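Data first, discussion second: the structure below is written as structure tokens.
Here the structure is a predicted model, which means the values were calculated and not measured.
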Amino acid sequence: MQLAAIPSPSVNGFHLGPLFIHFYALMYIVGISLAVLLGRRRWSAVGGDPALVDEIAIWCVPAGIVGGRIYFDLTTPKYIPPHWWGPLAVWDGGLGIWGGVALATVVGIWRLRKAGADVLAMMDALAPCLLVASGIGRIGNYFNQELFGGPTSLPWGLEIAPAYRPPGYLQDPTFHPTFLYELVWDLLLAWLLIRLGRSGKVRPGSLMALYVAGYSAFRIFEESLRVDPSQYFLGLRLNFYVASALTLFGLVWFVVLQRRSPRPEAEAEAESATGSGSESATGSVTSDEVESPQPSEPPQSPELPDSPEPQ
């Protein structure tokens, strides 16, 4: 006999006047809002204009929703609701994070280059924020009774109503709450990335590379547990292969970034020839100084930009 379990929700939304508010959408709104607030703070900490984070969000959030839905429609066509608006029914769930991040990244890079901002620095600032948004958004899966694993009798087993159980599991009352596992992992990984960024021991872009590798690696584990509807290939869920490929890609990207020289060779040669410190790619100034003849009137010292706190 199972002594405890997480009960399944009795409703998946509420009425607000003539509107029906889905908890799934509400959780993503909360997650995105928290991510934007965190992103503004992190970008400001490295000397950036926090208003740029707002602009990126305005463009990337819709792109992420569109990309996520396109990925879902292409990879799981048989689970599209059988209505003319079925391919657009994001309120019923069905957002593939791979497609959402991919399209949002393309749009974000375009906007950052147009604004003349440092793309890798912004990626590092936003990497933990993406985890916060997706982690909080997973609570919406709970209300939709989706994204669950196989049967379990553990105390934190999740009750799933018979109508939401896949074929072959109609007699099993409780399942692994993989949405909860992912929520915990996302927040933990976000915290680890923030700590690593503050250490200053990694190259620009490394936090985004570790986000891709770390999130995808957990999805390998998660996909091995899930039994809710999905597209299968050679006996394994399609997202298992996608997660495996992205884990490898993220790790390779991280290693390549760490093997880069601290500064371009041309800059290092120029500094050696002049014997004076030059500004590095991160905006800091070296400690080497060269004495110069004193002019008749002492020149005013140029104002140097503050070195950003490492993230």
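- Atoms CZ and OG, on F221 and S216 in that order, are 15.5 Å from each other to the nearest 0.5 Å.
- In summary, the aromatic rings of F23 and F14 are positioned with their centroids under 6.0 Å apart.
- When L183, N141, L158, L225 are each tested for a side-chain contact (heavy atoms from CB on, under 4.5 Å) with T178, only one passes: L225.
- Interatomic distance, D172 CG to E159 CD, rounded to the nearest 0.5 Å: 13.0 Å.
- When all heavy atoms of V119 and R113 are compared, the closest pair comes out as CG2-CG, 4.1 Å.
- Taking CE from M122 and CG from L126, the interatomic distance works out to 5.5 Å, rounded to the nearest 0.5 Å.
- For the pair L187 and V132, the tightest heavy-atom approach, listed with the atom from each and the gap, is CD2-CA, 4.3 Å.
- Considering CG of L52 and CD1 of I56, their distance stands at 5.0 Å, rounded to 0.5 Å.
- When atom types are taken as modelled, the side chain of R219 and the backbone of A243 share no donor-acceptor pair closer than 3.5 angstrom.
- Residue G137 comes nearest to Y28 through the heavy atom pair O-CE1, 3.6 Å, listed as atom of the first residue, atom of the second, then distance.
- A side-chain N or O of Y71 and one of N239 form a donor-acceptor pair less than 3.5 Å apart.
- Screening L112, L130, T105 for a side-chain contact (heavy atoms from CB on, under 4.5 Å) involving M123 leaves a single residue, T105.
- Within the 3.5 Å criterion, the main-chain N or O of E146 finds no donor-acceptor partner in the side chain of N144.
- Across all their heavy atoms, K201 and Q258 have their closest contact at O-OE1, 4.2 Å.
- When each of F72, Y215, Y241 is tested with W98 by the rule ring pair (Phe, Tyr, Trp, His ring centres under 6.0 Å), just one qualifies, namely Y215.
- In this structure a side-chain-to-backbone donor-acceptor pair under 3.5 Å is present from S134 to L131.
- Contact check on R40 versus D54 returns a salt bridge, with a Lys/Arg side-chain nitrogen under 4.0 Å from an Asp/Glu carboxylate oxygen.
- For the atom pair E222 CD and F179 CZ, the distance stands at 11.0 Å (nearest 0.5 Å).
- Rounded to the nearest 0.5 Å, atoms CD1 (I194) and OG (S199) are 12.5 Å apart.
- Taking the six-membered ring for Trp and thresholds of 30 and 60 degrees, F218 and W185 have nearly parallel ring planes, at less than 30 degrees apart.
- Below 30°, between 30° and 60°, or above 60°: for F249 and W253 the angle between ring planes is between 30° and 60°, a tilted geometry.
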